Amino acid sequence: MTKMRSNRLKIVFMLCLGFVTIGGQHFESKVAQLLQDETEHIKCFVEGKDLTCFWEEEEERNHLHNQYTFTYSYENKNKMACAVSSLSLLASNKTIFFCKLAKTPFFATLHLQVLRDGQMLYTRSLNAENILFLDPPRNLTVMSSGKEGQLNVSWLPPQLKYMDDSMIYEVRYAAEGSDLGKVEVIKVSTMLVLFGLESDTRYKVWVRVKPDGVAYKGYWSAWTEPVFGVTPPSDVDPLIVLLVLSIGLILCLLSLTVILSHQKFLLKKLWPDIPTPEHKFPGLFTVYKGDFKEWMSHNNGSMWGRSVHVYTEELPSPLEVLSEVSLTSHGTSQREEMKPAEEDESERSDSGLTDRWRDPPHAHWLMDQLRALQENPESHSQSSLLQSHDTYVTLNQGDIEQQADDVFEETLPLQTLFSSAGTPSLSTSHSDLGSLQQSSGSGRLSSQSSLEYPNHTWPPKGPGYSYMAVADSGVSMDYSPMSSSRIAELGRHRIYTNDYKNEIFPHKWPLSGQYIKSG
Amino acid sequence: MFHGSGLFAFLLMVLEWTRPGLSSPLRPICDLRVVDHFIKEAWDAEAALRACKDACSIATNFTVPLTRVDFDVWAAMNIEEQAQEVQSGIHVLNDAISSLQASNQTDVLQSHIDASINNIASIRQVLRSLSIPEYVPPTNVGEDKEMQKVSSISELFQVHINFLRGKVRLLVASAPVCHQGVS
């Protein structure tokens, strides 16, 4: 029993000590604040229903509290005394003397006096209802309202009778980690909804209270301890998400439809087929398995054969002149002369045009040259004008001789076009052969030459000059004689020398200088 | 013809007697913002007259009610005692302020005096709506212990504002009519 009693006493004592401590904390904080803010000598505030007045000890003077007398009077009544106590403030290292007046009369003017050793020290007149110093609001709670950017803040007013409807609150809130805060003022109501907050953000909230100044006046209370609240994350409108998805789906379907409908066209554009000249050589690879000789032998009347023969006859490319060979010179001497000339000319091979034109080769001289070619196949192994690589055309030397007459006949009209004086073109053709051979494929040379003038005009070298335009597509070669006038025409237009035609030129190669294309 | 006029006269008498328009009671004005409005106007008057001391001082004294409120004592009083204290104080205050109307005052002061008299009349209507019984103190009674004397107009208006903020507002706030149905 005694143990239980002692325990109960201890509990009660601890509770009392706790309340006193809390009250003392509030009291000391209020005193500290008024020490800073209040300018009057006698600083007073009303806490609940009790009036507390205090004054500061003068510096470097150690007075005792019993030296001071505090008196008050109101409504012309006699003065009444109040017991004076002292308090040392640890925070500011100051000593104050204070008087606590219970059951303070309100709505009446109080006349206060402080005397020290019987002498008037300070006086002040005030109304108790004008100096209310309330405690901070209680039970501050911050909760999410569920809506984006909103927080619900609620609290309880300080416990005071008759004054519940005369209070004004100030709510301060700031994002965690941010120094910038906003303040909302609210009257009477003890709850507030904060709007316009950032989503998914942690906020700190404080609240303080003050009498509204109509019936009661006073000082702002201390801020409550901060309470945290988290705003809900931003809520994406499901309707917007649905609309975006449906639009995306529709666009995908449309693009898929377009792609499928133009599948072939798009494939052709993106992955073009590697051009093959198979269709130009019907049966070459299917029947004769690439044996061009055989194929040629069975295609004597084909346009391509004739054109090839003609080509062999017309080796002298007008794009380059390797050397001048006179009609009367022998083949070997010519060759010897031409070789260095070739080297010289090979450098000029990229000119693409010849400056000197040869006279049309004499018929006999031409035959001699052809025979020379036949006799020395090794040296003229490159006599094949075109080194065939797979789809490249290989010229048959034998055919060249056989059809030499035909070639001569056919070249005669061409020869008439060559109006400039000079060595027979066969020599140049020979040199051209060499140059062509050196380029490992006449295609390269021609392409080289042709590429030199993709956009340039072919300068007409004079009236009567005829040029054989050499165009290379990389697969086949186009050799087409053109008149100067025609060249002038073409020169105005861009010549796409790398184009190739998949269609066999339907008619025979005209020897009158018409533009021939073979692809 | 005589019967027609007689009947008409009889009908008028009956209607005058019943007075059907006045039978409905006033709607209780429990919202303290109404009283706060009067208090704010009283504050304006007090602030204006606080600065006016020398020009506003008069020779005669005013009898004004006591404004002091002890919450414990007030809470211990019943509604009738509170009503009596408030009604007698309003009556005395009204007499004191009305006596100023006769004297020559500045236009600003005169406007505040008129506003205060109107507000007191409005407060009486508010108390009537709350079914607070009216009470007129007897004039032949000597110094009432609940009264005091002031010698300046500024003090008069200080008493005026303190009385309204204190006893009048507390009475309206605690009127039984406003708390019916609330435990």
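Computed over heavy atoms, backbone and side chain alike; hydrogens, waters and symmetry mates excluded. All of these numbers come straight from a predicted model, not from anything done at the bench.
When the heavy atoms of residues 136-146 of chain A are compared with those of chain B, none of the residues falls under 4.5 Å. Near-neighbour residues of residues 125-132 of chain A relative to chain B, defined by a heavy atom under 4.5 Å from a heavy atom of that chain, comprise Asn127(A), Glu129(A), Asn130(A).
Contact count versus chain B (heavy atoms, under 4.5 Å) is highest, among Ala108(A), Ser166(A), Ala215(A), Gly213(A), for Ala215(A). Among the candidates Val69(B), Leu170(B), Val159(B), Val73(B), the residue making the largest number of heavy-atom pairs closer than 4.5 Å to chain A is Val69(B).
Heavy atoms closer than 4.5 Å to chain A are found in both the backbone and the side chain of Ala75(B). Residue Asp36(B) touches chain A through both its backbone and its side chain, counting heavy-atom pairs closer than 4.5 Å. Only the side chain of Lys77(A) comes within less than 4.5 Å of a heavy atom of chain B; its backbone N, CA, C and O stay farther away.
Take Gln158(B) and apply the side-chain hydrogen bond (donor to acceptor under 3.5 Å, both in side chains) test, not counting sequence neighbours, and it matches no residue.
Classification of Asp70(B) and Lys49(A) as a salt-bridged pair fails, no side-chain N sitting under 4.0 Å from a carboxylate O.
Counting heavy-atom neighbours within 6.0 Å of Asp117(A) CG, excluding the residue itself, gives a total above 12. A 6.0 Å sphere centred on CD of Gln159(A) holds no more than 12 heavy atoms belonging to other residues, nucleotides or ligands.
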Go through the steps to decide whether Phe107(A) and Phe163(B) satisfy the test ring pair (Phe, Tyr, Trp, His ring centres under 6.0 Å), and finish with yes or no.
-> CA-CA 7 Å; Phe107(A) 304 106; Phe163(B) 190 75; 10.0 Å; no
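Within the structure, the side-chain hydrogen bond (donor to acceptor under 3.5 Å, both in side chains) test picks out the following pairs touching residues 210-219 of chain A (sequence neighbours left out): Glu38(A)-Tyr219(A).
Side chains of Thr109(A) and Glu155(B) form no contact here, defined as non-hydrogen atoms less than 4.5 Å apart.
A donor-acceptor pair under 3.5 Å links the side-chain atoms of Glu75(A) to the main chain of Arg68(B), judged by distance alone.
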